[in-house]
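Here is the structure we will look at, set down as structure tokens.
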Number of protein chains: 4
Amino acid sequence: MTKRSGEKHQVILDAAVKTFARAGYHRTRVSDIAGEAGVADGTVYIYFNNKEDILISLFQNIMNRFVEELRSELVLCRDANEKLEKIIDYHLRTLGSKPEQARVTQIELRQIDQKINEGISKPLLTYFRLIEEVIEEGKKQALYRPDLDTRTARKVIFGAIDEVVTCWVMSSKPYSLAELKNPVFDLLIRGLQ
Amino acid sequence: MTKRSGEKHQVILDAAVKTFARAGYHRTRVSDIAGEAGVADGTVYIYFNNKEDILISLFQNIMNRFVEELRSELVLCRDANEKLEKIIDYHLRTLGSKPEQARVTQIELRQIDQKINEGISKPLLTYFRLIEEVIEEGKKQALYRPDLDTRTARKVIFGAIDEVVTCWVMSSKPYSLAELKNPVFDLLIRGLQ
Amino acid sequence: MTKRSGEKHQVILDAAVKTFARAGYHRTRVSDIAGEAGVADGTVYIYFNNKEDILISLFQNIMNRFVEELRSELVLCRDANEKLEKIIDYHLRTLGSKPEQARVTQIELRQIDQKINEGISKPLLTYFRLIEEVIEEGKKQALYRPDLDTRTARKVIFGAIDEVVTCWVMSSKPYSLAELKNPVFDLLIRGLQ
Amino acid sequence: MTKRSGEKHQVILDAAVKTFARAGYHRTRVSDIAGEAGVADGTVYIYFNNKEDILISLFQNIMNRFVEELRSELVLCRDANEKLEKIIDYHLRTLGSKPEQARVTQIELRQIDQKINEGISKPLLTYFRLIEEVIEEGKKQALYRPDLDTRTARKVIFGAIDEVVTCWVMSSKPYSLAELKNPVFDLLIRGLQ
DNA sequence: GATGAATGAGAGTTCATTCAT
DNA sequence: AATGAATGAACTCTCATTCAT
């Protein structure tokens with residue numbers, strides 16, 4: 001009789017994305033999320049520990065799916081160059097097609113206190129590691145210079161993509177995010193070689 | 001003969017950097033700043049409209065000095081390549097030597113509501129424009145390829161530096177930020193050519 | 001089966017009358033009202049928008065009941081003279097039996113900002129109109145002179161009663177307010193004829 | 001060299017009437033009064049003990065002049081009837097010609113805490129006594145009935161005039177206050193006889 | 001599991017008043 | 001006498017969280 005467990009969990013998460021994207025994390029009240037989700041305030045606390053937990057769960061949810069899907073796309077690529085291109089393509093395409101998620105990822109997520117960052121940094125680290133794996137692979141494949149500092153390269157790559165997304169989120173979005181793939185790739189790829 | 005003018009203003013600003021860096025913007029109470037500054041709570045409101053105003057003033061203060069000093073260093077450079085190197089060097093060196101300011105710039109500043117972002121984006125735009133000028137100059141000097149998209153290049157450059165700084169701020173800082181200048185520069189410069 | 005609805009609303013209103021009468025509107029803190037009502041501070045804001053709203057609701061509450069009851073008593077009167085006598089009697093009797101309400105009505109209510117007076121003047125206007133109706137009736141019944149200015153007569157009647165009440169409230173109340181009915185009536189009635 | 005003492009006292013008082021009438025007692029800050037008077041905030045405290053003292057001084061100032069002038073006009077009257085007419089006339093004429101003072105007298109003055117009311121009630125009592133003297137005189141002159149309760153009659157008379165003024169102050173003043181003298185007098189005089 | 005009324009700690013802000021100059 | 005920068009007590013209102021139903 002009861003609908004499948006976890007349904008409300010997702011309903012609340014979806015409502016949270018909308019309200020966070022609309023009003024920002026700090027301006028959003030838990031009752032706003034509950035209202036948007038069509039549940040009582042107290043119900044939110046059955047599925048989440050507190051307000052911050054919602055934001056973190058949101059991000060973990062998004063990032064896990066993000067990395068998982070990205071990984072499955074990467075297996076089709078032949079070499080590191082193709083993989084790097086795919087990463088940029090996938091990153092821009094995914095966030096570009098979900099402006100609300102993009103806003104939460106780029107803006108709202110950075111509004112929470114440092115101590116709880118662990119919940120955020122863990123899924124993010126998986127993504128970082130994935131990028132670093134590709135760089136290492138490129139070095140093994142002799143595509144990238146052997147003295148390349150993998151860690152720094154990862155920061156540069158991620159930072160570049162991230163900034164491109166943030167600028168797009170903050171703008172009135174008069175252009176498609178995905179179309180920036182080529183220019184960004186061109187700028188980054190030669191630095192690695 | 002007392003140098004009253006602006007004295008307290010700066011004292012409060014200095015206290016704010018410390019407290020924001022220590023506890024974060026949202027966790028800092030106005031009375032904490034006042035206490036750190038050695039003034040009464042009400043005094044803060046003689047010099048600033050509200051808490052947010054302090055954070056914004058802080059950033060404008062920092063950024064104006066940042067861009068001004070950077071500009072004066074750039075005149076000594078011969079070509080766009082040297083200028084770009086100088087930008088990266090100056091950016092990393094400056095924030096690397098002021099960890100408290102760096103934390104406020106990289107973390108706390110991103111905690112305020114979007115609507116008031118104008119106070120933040122304006123001084124930032126000046127910096128963006130400066131980077132774009134250098135890129136344009138490099139194109140005129142035939143150092144960078146003519147089909148390079150200046151705007152995207154700027155985002156990639158700024159995003160890369162910014163991410164490098166953020167990672168350093170979030171870390172326990174076991175390395176000097178300035179020493180990343182060469183690897184970052186090497187990664188970016190070839191993408192422009 | 002619990003008669004929850006509106007229960008706390010009234011409890012808070014009752015507590016507000018007491019505290020306003022005791023300490024005055026401006027000297028009363030919302031937490032005082034909450035304490036007197038036996039609820040948390042925040043609960044007050046579930047039922048009222050703000051402190052001023054409590055005072056206004058209080059008055060509307062009182063005045064609505066006042067006019068309603070007065071109206072029901074007036075139907076028993078034969079002519080305008082009897083009705084006027086009843087008005088004076090009822091006004092003095094009602095406030096005379098509720099010194100706390102009287103103090104709020106005569107003193108505290110006049111402490112709020114003009115702009116929000118609408119909430120106050122509306123129920124008061126109902127009372128004014130009722131008095132004017134009786135005067136008009138008296139003119140139709142040829143009890144009062146036809147050239148009598150109804151509006152001015154109402155002001156004189158209400159002002160007289162109101163002042164009598166105010167003096168009583170401000171005094172140590174060594175006399176019963178109701179016993180002033182006859183002298184006041186005698187003074188007013190002949191002016192109308 | 002110093003201008004005559006008390007000059008600033010009056011300047012501040014004049015500024016207070018304006019600001020109180022404009023914004024109301026509680027909404028007026030001491031710095032507003034000082035600004036309007038063209039003096040420093042601290043200067044206000046050389047001439048007055050505190051904010052309330054300003055309001056009270058204001059009223060005493062007004063009332064003393066009021067009663068004094070009224071008294072001097074009354075000596076020209078032949079009997080109690082003429083005197084009562086003069087009182088009503090003078091009261092309405094005076095306040096009707098000074099809307100700002102009227103607003104302070106009718107509205108703002110009633111906003112202060114009871115305990116300090118002595119400063120207000122004393123000069124008011126002088127006015128009350130003056131009215132009662134006229135009533136007593138009328139009784140002695142056999143113009144008014146001997147069983148008339150002087151105290152109550154005074155309350156009725158003052159309350160009536162006061163209400164007429166208050167209604168005018170609260171209105172957009174589309175009529176002259178002075179023109180209400182006759183209707184008010186007609187209404188009151190017969191009640192005394 | 002679901003509800004939503006109730007809680008109460010918490011913080012930003014105001015402004016009357018003071019006092020060193 | 002005059003100034004006005006500085007003070008700091010005071011107070012309203014918000015909202016994340018709880019828990020009896």
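Classified by interplanar angle (parallel below 30°, tilted 30° to 60°, perpendicular above 60°), the ring pair Tyr47(A)/His9(A) is perpendicular.
Taking only side-chain nitrogens and oxygens, Tyr47(A) comes nearer than 4.0 Å to OP1 or OP2 of dA2(E). An OP1 or OP2 oxygen of dA2(E) is reached within less than 4.0 angstrom by a side-chain nitrogen or oxygen of Lys8(A).
Considering only side-chain atoms of Arg29(A), the nucleotide from dA16(F), dT17(E), dT7(F) that sits closest is dA16(F). Distance from the side chain of Tyr45(D) is smallest for dT17(E) among the nucleotides dT12(F), dT17(E), dT13(E).
In this structure, OH of Tyr25(A) is placed 8 Å from P of dA16(F), rounded to the nearest angstrom. Between the CG atom of Asp41(C) and the C1' atom of dA10(F) there is a distance of 14 Å, given to the nearest Å. For the pair His26(D) NE2 and dA16(E) C1', the computed distance is 12 Å after rounding to whole Å. Rounded to a whole Å, the CG atom of Asp32(A) is 13 Å from the P atom of dT14(F). To the nearest angstrom, C1' of dT17(F) lies 13 Å from CD1 of Ile33(A). Atom CG of Asn49(A) and atom C1' of dT18(F) are 14 Å apart (whole Å). Atoms CD (Glu52(B)) and P (dA11(E)) sit 17 Å apart, rounded to a whole Å. Between Lys51(B) atom NZ and dT14(E) atom P the separation is 15 Å, expressed in whole Å.
Atoms CZ and NZ, on Phe20(A) and Lys51(A) in that order, are 6.5 Å from each other to the nearest 0.5 Å.
Scanning both residues, Gln101(A) and Val17(A), for their nearest heavy atoms gives N-CG1, 4.1 Å.
Contact annotation for Val44(B): no contact, since no heavy-atom pair falls under 4.0 Å across all strands.
Along DNA chain E, the nucleotide nearest Val30(D) and the nucleotide nearest Thr43(A) are compared for position; the residue whose nucleotide lies closer to the 5' end is Thr43(A). Between Asn50(B) and Ile46(C), the residue anchored nearer the 5' end of DNA chain E, judged by the nucleotide with its closest heavy atom, is Ile46(C).
Asn64(D) places a side-chain N or O within donor-acceptor distance of the main-chain N or O of Gln60(D), the cut-off being under 3.5 Å.
As the counterpart of dC13(F), dG10(E) is assigned, both hydrogen-bonding distances of the Watson-Crick or G-U wobble pattern falling under 3.5 Å. The partner of dT21(E) is dA2(F), judged by Watson-Crick or G-U wobble contacts that both fall below 3.5 Å.
Between Lys18(D) and Glu100(D), no side-chain nitrogen of the basic residue sits less than 4.0 Å from a carboxylate oxygen of the acidic one, so the salt-bridge criterion is not met.
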